[in-house]
Amino acid sequence: MAEKYPLVEQREYGRPDRRGGIWRKRVSRGDDELPRVAAHHVRVFRVGEEYVEDHGQLRADDPVVTGASSVTVVDRRIEVPVVVETRIPSAEAGDFTVRACFYCTVTDPSAVVRDGVTDVEALLLAHLREVPGLTEDGSDLPVVDTAAVRARIDARLTAYHEMRPSLVSGIRARHGSIEVLTPEEMSAHVEEMERARRDRTRRRHQEEMEQQAALDRALREAELELKHEEIRNLQAMRKERNRQEEETLRTGYERGAGAEQQDYELEIERRRNRFTRAEIEDDIKLIGSDPVAADYLAWRNGDISADELSKRLHAAEEHWDLRKDDRLRLDRDYEMTRRGLDREDLRWQVEREDRRHELTRNEEREETAAQRHEASRRWDLEHEDRLRQRHEKREDTKEIQRDQHELAKQQLTVRATLGKQAIDRGLFDSTMYDAGAFINSVGDVPPAQTPSQGELKGGVKGGVKSGVKGELRRAPGRTAEAAPAPADGDDADDFDPANQEGSLGN
């Protein structure tokens, strides 16, 4: 069975990005976001509640790919073997192991992805355990009778699958071979016991034969060894006694001879060292550190010849002169070198001080330039803020004026409509009011008489009704005292043409 069957790979998508050039950007996914498919694979994209199959033909910028929330690669091989195992009881201690092989083929990849079929083996095992009577097929047979149990289970599964095939979404599962195995623990225990019994029997016979042979051989070897041991003991005792006596004599002689030889060598060395030290002390006292005296001593001892002595004396004189001249020259060179180093040190200090001043000036210039740039940028930002505020204030004023104008127009329209309805219903026929004056009053309102923004919030209906009611109350020939004063909150103050007509009729 494949390691991943039937779902080879699954990926979840986020929102796609816009890709392409500067002027031509389009929504697309990266090539690495599309999983590769083999010849027997198929991709299934989930777009909303729909599942779209793709055999490797959709591109990264296809609407299906860009609108998908996930993609799944499904294996569409035919007759893929899937093996499941379960255990059924037997008539003895232990269980039979039933191994069933199913041959699976994906028939509907969309259904497989939609129902989330990820573990086919678990589904087939559950289907196998649902077969009625499967657990009783081996309960009356011993563990070793696996052939009969296999025949029963094979016949039962064949009949059951003919009546009710396995139900796995999008997959056709065909029943294949059946194997019935004895319990691994039982077979291993029986085999281990039999092998242990055979090993014990073979080991016991072998140990008995080896013990008998060893006993016989030990008896014979013991007798012979006793005799040889007696002879070896006698010989060893004699050899050891002779060796000890010889070792004692030789040790005593070597110890005495060595002590005498060591005393003699130490005495000779002591005398030689004493004489050497005395000679060295005398030479040091006489010669000291004088190289000329050392040359004379070497000439007297015969280490050098007279010619060599004269050469060394001449070389010593020249060397003395040269050492004197060299000392003067070295002192002069040292003084010149010291002065040159002092000049170099002074020049280096001056250059370092100049460099430090130059770096300080550069830092001050850069800081001043940065401050100027920051001040200029801040002034530009403040200037832009002031311009934006002025522009926003101007736009707000224009918007308020437009709203006031629209409100005035709506108010005039309402007043004209109400006046027209009042005239049509004859409300002015029985009242002392000049209808022409009311009609002439319905016109454009000058900008100075437009309501303010606070009045706009009071509502259009209240202002219009109050204007109409005021006009109706100021009828010709009637004074303010004749008009009844309405009470606060009384609904009769609202202008209703129907109510006004009814009152006039009465």
Using the side chain to side chain contact (heavy atoms under 4.5 Å, CB included) rule, take Thr72 and Tyr51 through it: C-alpha gap first, then chi angles, then the decisive distance, then the call. CA-CA 10 Å; Thr72 306; Tyr51 293 85; over 6 Å; no

Step by step, work out the side chain to side chain contact (heavy atoms under 4.5 Å, CB included) result for Asp75 and His40. CA-CA 6 Å; Asp75 190 350; His40 55 277; 3.0 Å; yes

Evaluate the criterion side chain to side chain contact (heavy atoms under 4.5 Å, CB included) for residue pair Leu123 and Val117; output intermediate values, then yes/no. CA-CA 9 Å; Leu123 297 176; Val117 181; 3.8 Å; yes

Would Glu406 and Gln410 count as a side chain to side chain donor-acceptor pair (under 3.5 Å) here? Give the steps. CA-CA 6 Å; Glu406 291 293 331; Gln410 294 177 4; 4.9 Å; no

Quick one: do Ile171 and Val112 satisfy side chain to side chain contact (heavy atoms under 4.5 Å, CB included)? Show the steps, please. CA-CA 7 Å; Ile171 298 178; Val112 172; 3.9 Å; yes

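Summarising the local packing, CD of Glu353 is surrounded by more than 12 heavy atoms from other residues, nucleotides or ligands at distances under 6.0 Å. Heavy atoms from other residues, nucleotides or ligands lying under 6.0 Å from CD of Glu12 number 12 at most. By the 6.0 Å contact criterion, CD1 on Ile78 is open, its count of non-hydrogen atoms from other residues, nucleotides or ligands being 12 or less. Within a 6.0 Å sphere centred on CZ of Arg250, other residues, nucleotides and ligands contribute more than 12 heavy atoms.
Side-chain N/O atoms of Gln401 and His405 include no donor and acceptor closer than 3.5 Å. Judged purely by distance below 3.5 Å, without hydrogens or angles, the side chains of Asp115 and Ser169 pair a donor atom with an acceptor atom.
Taking all atoms of both residues into account, the shortest heavy-atom contact from Arg59 to Leu34 is C-CD1, 4.2 Å. When all heavy atoms of Val120 and Pro6 are compared, the closest pair comes out as CG2-CD, 3.3 Å. Closest heavy-atom contact between Pro35 and Arg43: O-NH1, 2.8 Å. When all heavy atoms of Cys104 and Ala173 are compared, the closest pair comes out as SG-CB, 4.1 Å. Closest of all the heavy-atom pairs between Ser28 and Pro16 is O-CB, 3.9 Å. The two residues Arg76 and Thr107 make their nearest non-hydrogen contact at NH2-O, 4.4 Å.
We find that Lys420 and Asp424 are not joined by a salt bridge, their nearest charged nitrogen and carboxylate oxygen being 4.0 Å or further apart. Of the charged side-chain nitrogens involved, at least one lies within less than 4.0 Å of a carboxylate oxygen, so that Asp385 and Arg388 count as a salt-bridged pair. Salt-bridge check for Asp199 with Arg202: passed, with a basic side-chain N closer than 4.0 Å to an acidic carboxylate O. Salt-bridge formation is detected for the pair Arg11/Glu9: a Lys NZ or Arg NE/NH1/NH2 atom is positioned less than 4.0 Å from an Asp or Glu carboxylate oxygen. Salt bridge status for Arg347 with Glu351: present, with a side-chain N to carboxylate O gap under 4.0 Å. A salt bridge links Glu399 with Arg402: the closest approach of a Lys/Arg side-chain nitrogen to an acidic carboxylate oxygen falls below 4.0 angstrom. A salt bridge links Arg198 with Glu194: at least one charged nitrogen is closer than 4.0 Å to a carboxylate oxygen.
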May I have the list of side-chain donor-acceptor pairs in residues 203-218 shorter than 3.5 Å, sequence neighbours left out?
unit_1 : atom_1 : unit_2 : atom_2 : d
Gln206 : NE2    : Glu210 : OE2    : 3.2

Donor-acceptor contacts under 3.5 Å from residues 228-240 side chains, at least two apart:
unit_1 : atom_1 : unit_2 : atom_2 : d
Glu229 : OE1    : Arg232 : NH2    : 2.7
Arg232 : NH2    : Glu225 : OE2    : 2.5
Asn233 : ND2    : Glu229 : O      : 3.0
Glu240 : OE1    : Arg243 : NE     : 3.4
Glu240 : OE1    : Arg243 : NH2    : 3.4
Glu240 : OE2    : Arg243 : NH2    : 2.4
Glu240 : OE2    : Gln244 : NE2    : 3.0

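Identified under the side-chain hydrogen bond (donor to acceptor under 3.5 Å, both in side chains) test for residues 366-375, with sequence neighbours left out: Glu374-Arg377.
Side-chain contact check for Glu53 versus His55: some heavy-atom pair is nearer than 4.5 Å. For the pair Tyr13 and Ser69, the minimum side-chain heavy-atom distance is 4.5 Å or more. Side-chain contact check for Arg415 versus Leu418: every heavy-atom pair is 4.5 Å or farther apart. Side-chain contact between Glu392 and Glu395 is absent, with no heavy atoms from C-beta onward closer than 4.5 Å.
Remark: side-chain polar atoms of Thr105 are paired, donor with acceptor, to backbone N or O of Glu79 under 3.5 angstrom. Judged purely by atom type and a 3.5 angstrom limit, Arg172 has no side-chain atom pairing as donor or acceptor with the backbone of Val106. Asp54 contributes a side-chain N or O that, together with a main-chain N or O of Gln57, makes up a donor-acceptor pair within less than 3.5 Å. With hydrogens and angles ignored, the 3.5 Å screen pairs a side-chain donor or acceptor of Arg46 with a backbone N or O of Gly48. Within the 3.5 Å criterion, the main-chain N or O of Val65 finds a donor-acceptor partner in the side chain of Arg29.
By the 6.0 Å and 45° rule, Arg174 does not stack over the aromatic ring of Phe102.
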